[in-house]
Amino acid sequence: MQRFPHHLLPMDPQVCPPPLSSSQSMISSLDKSPISTYKPSHSRNGSTGSSKHAKQSRDWEVMDDVHYLEMNSIPGASLDLSIPGICEGYLMKRRKYPLKGWHKRYFLLEKGILKYSKTQQDIQRGKLHGSLDVSLAVMSINKKSKRIDLDAGDNLYHLKWTSTALYMYTEHCLNPFLFLHHCHPSQRTPSLSRHSHRAPSVAESMAEYFDASEVITCETSSEAEASDESGLSDITTTSNSEPEEGHGECLLTSRRTTLPATSKDNSHIGIMTILYNNIGKDLSRVSMPVALNEPLSLLQRLSEELEYTDLLDIANHIDDPYERMVYVAAFSISGYAWASWRYRYKPFNPVLGETYENYREDRGFRFISEQVSHHPPISACHAESENFTFFQDQRWKNKFWGKSVEIISSGQVNVTLPNYGDHYEWNKAVTCIHNVLSQQRWLEHYGEVVIRNTKSDICTCKITFVKSRYWSSDNSKNEVQGVVLDQAGEVVHRFGGLWHEGIVCDTFSTPKCIWKPNVQPDDHFQFYGFSRYARELNELTPELKAVLPPTDTRFRPDQRLLEEGKVAEADKRKDEVEEKQRERRKEMAKRGEEHLPRFFSY
């Protein structure tokens with residue numbers, strides 16, 4: 001790790017403060033801390049801060065052996081613990097994320113296994129949408145809203161009955177299996193942890209996606225009437241679902257969930273004048289008003305590509321190299337999901353020597369990035385965990401073509417998996433912002449991405465981000481298709497979907513959804529389109545202030561002022577930062593000196 005020689009001109013604190021010793025780096029100061037493993041909890045006791053939810057939560061009862069004995073035993077009578085035969089019929093089931101409301105599904109309970117599909121005929125044909133072992137589940141009931149929730153850890157079903165008689169029948173069928181489980185806890189099979197040493201089976205990955213804030217609220221009648229299915233299979237991976245109440249709350253209690261101020265309208269900015277004066281030029285060299293920015297830098301944007309590192313955690317424990325490649329490919333696609341909501345603003349361009357560190361104990365990785373060159377602009381980053389190493393250097397070029405802006409990256413992304421000695425590398429797709437001069441902007445990715453394992457030629461992967469055509473419907477936008485090829489060029493696996501909704505592989509023994517993006521906060525439009533993960537990136541706590549170097553992005557004054565909603569002040573400070581950087585570069589040029597990166601060499 002390189003340091004600046006003492007004879008170099010110190011950086012101005014308002015531009016990019018001088019680097020301190022390695023002991024003042026957050027990552028260095030935490031080197032002795034073990035990387036923790038993220039272990040999801042399924043508690044319902046998370047604090048929501050909502051009095052409405054607190055009131056409604058009192059309507060719920062968690063059914064265990066004590067509840068069952070108290071509710072079903074009659075003085076002087078023996079308790080009936082006989083296992084019922086086959087129980088079947090229609091129930092209302094909460095629709096999978098991102099859809100709302102309920103739909104009617106046919107359920108069959110046999111020998112403790114609850115299965116469901118659209119119709120009885122589908123059940124008989126073996127065409128299942130999902131199944132759950134009731135003996136591994138915790139059942140919660142809400143008689144007031146006519147709800148039953150079954151939580152088996154990896155699977156979570158939200159059910160609703162339409163009559164009291166149907167509720168009594170359903171509870172009668174389910175309770176004996178719940179009671180037997182509590183009597184014989186040794187029969188319980190441990191649920192799959194995030195760092196399991198094998199890939200999740202289809203049964204283990206059938207989780208239901210839902211908005212945690214609505215777990216105990218009743219939908220409106222209009223939502224309950226909607227029942228159309230669309231898009232991806234019901235089979236989904238649990239690691240990407242929105243955390244339940246208490247799931248993630250305890251891990252992220254110190255992390256913020258909102259920004260200090262909402263985003264400001266920038267429709268008054270004369271983008272047309274700025275862009276038409278720079279047609280065909282590299283826009284990274286053009287100074288833009290701060291109102292066009294979001295309060296994150298390109299260095300932090302690189303860190304956003306690690307939001308779904310659970311895919312790499314899984315890949316590092318899959319023995320099949322072809323299936324392992326599918327998960328690596330899904331990870332490469334997941335890094336584009338943010339773009340669906342982030343077309344109105346651009347990130348800050350880092351100044352030379354600017355750094356960003358992100359130590360995520362809850363996710364099990366450490367990340368550091370640095371702006372190593374100004375012209376051409378080059379950003380480098382490195383992340384590591386017990387399951388992977390991730391690094392890249394990106395050279396961006398932004399081209400304006402009259403009505404659209406293309407963002408072209410020429411760097412390579414690298415991922416290594418220690419369990420198998422794999423080293424994957426791939427290029428990035430082209431990102432294009434359409435209708436950039438109007439408020440009806442939209443963003444897409446297109447081009448071919450090729451993933452190769454430099455340590456083995458047993459398989460390669462080709463991913464195509466399909467370019468939209470002007471006659472295409474909205475449903476066909478954001479399409480992505482991929483194949484995993486063997487040495488002979490034969491297709492082993494196919495996968496595809498929409499890069500903002502999810503990826504399905506239909507060539508596994510049972511087709512399943514590999515990845516889905518986390519659900520967006522309800523107020524994401526008011527806060528630059530930021531996801532919950534993005535909102536955490538620029539947070540600066542007293543604990544971080546004590547360990548971060550002054551070169552860290554979080555200390556950048558113009559970006560901090562924009563986050564606080566002080567646009568005019570941020571614009572002024574942005575001009576000052578850029579001017580001081582130009583002055584510093586001129587002074588170094590006069591002395592014949594070159595900037596030396598602190599954490600990276602090239």
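For Tyr336, the side chain to side chain donor-acceptor pair (under 3.5 Å) test picks out no residue, with sequence neighbours left out. Considering only residues two or more places apart in sequence or on other chains, Asp523 meets the salt bridge (Lys or Arg N to Asp or Glu O under 4.0 Å) condition with Arg535. Take Asn427 and apply the side-chain contact (heavy atoms from CB on, under 4.5 Å) test, not counting sequence neighbours, and it matches Gln412, Val449, Val450.
Remark: the Gln300 side chain and the Asn538 side chain contain an N/O donor-acceptor pair separated by less than 3.5 Å. Residues Tyr420 and Asp319 have side chains that bring a donor and an acceptor to within less than 3.5 angstrom of each other. A donor and an acceptor atom, one from each side chain of Tyr446 and Glu406, are located under 3.5 Å apart. Side-chain contact check for Tyr533 and Glu304: no donor-acceptor pair (N or O, by modelled atom type) lies under 3.5 Å.
Considering every non-hydrogen atom in both Ile514 and Ala330, the closest pair reads CG2-CB, 3.6 Å. Between Ser117 and Lys127, the shortest heavy-atom contact is OG-O, 2.7 Å.
The aromatic rings of Phe465 and His445 stand perpendicular to each other, their planes meeting at an angle above 60°, with 30° marking the opposite boundary. Ring planes of Trp442 and His434: parallel class, angle under 30° (limits at 30 and 60°). Ring orientation note: the planes of Tyr116 and Phe107 are close to parallel, at an angle under 30° on the 30°/60° scale. Note: His382 and Phe391 have parallel aromatic rings, judged against thresholds of 30 and 60 degrees for the angle between ring planes.
Residue His493 holds its NE2 atom at 11.0 Å from CG of Asp486, rounded to the nearest 0.5 Å. Distance check: Arg342 CZ to Ile433 CD1 gives 11.5 Å after rounding to the nearest 0.5 Å. Here the CZ atom belonging to Phe331 is positioned 11.5 Å from the CH2 atom belonging to Trp515, to the nearest 0.5 angstrom. In this structure, the separation between CG on Leu259 and OH on Tyr528 is 7.5 Å, given to the nearest 0.5 Å.
A cation-pi arrangement, defined by a distance under 6.0 Å to the six-membered ring centre and an angle within 45 degrees of its axis, is absent between Arg324 and Tyr424.
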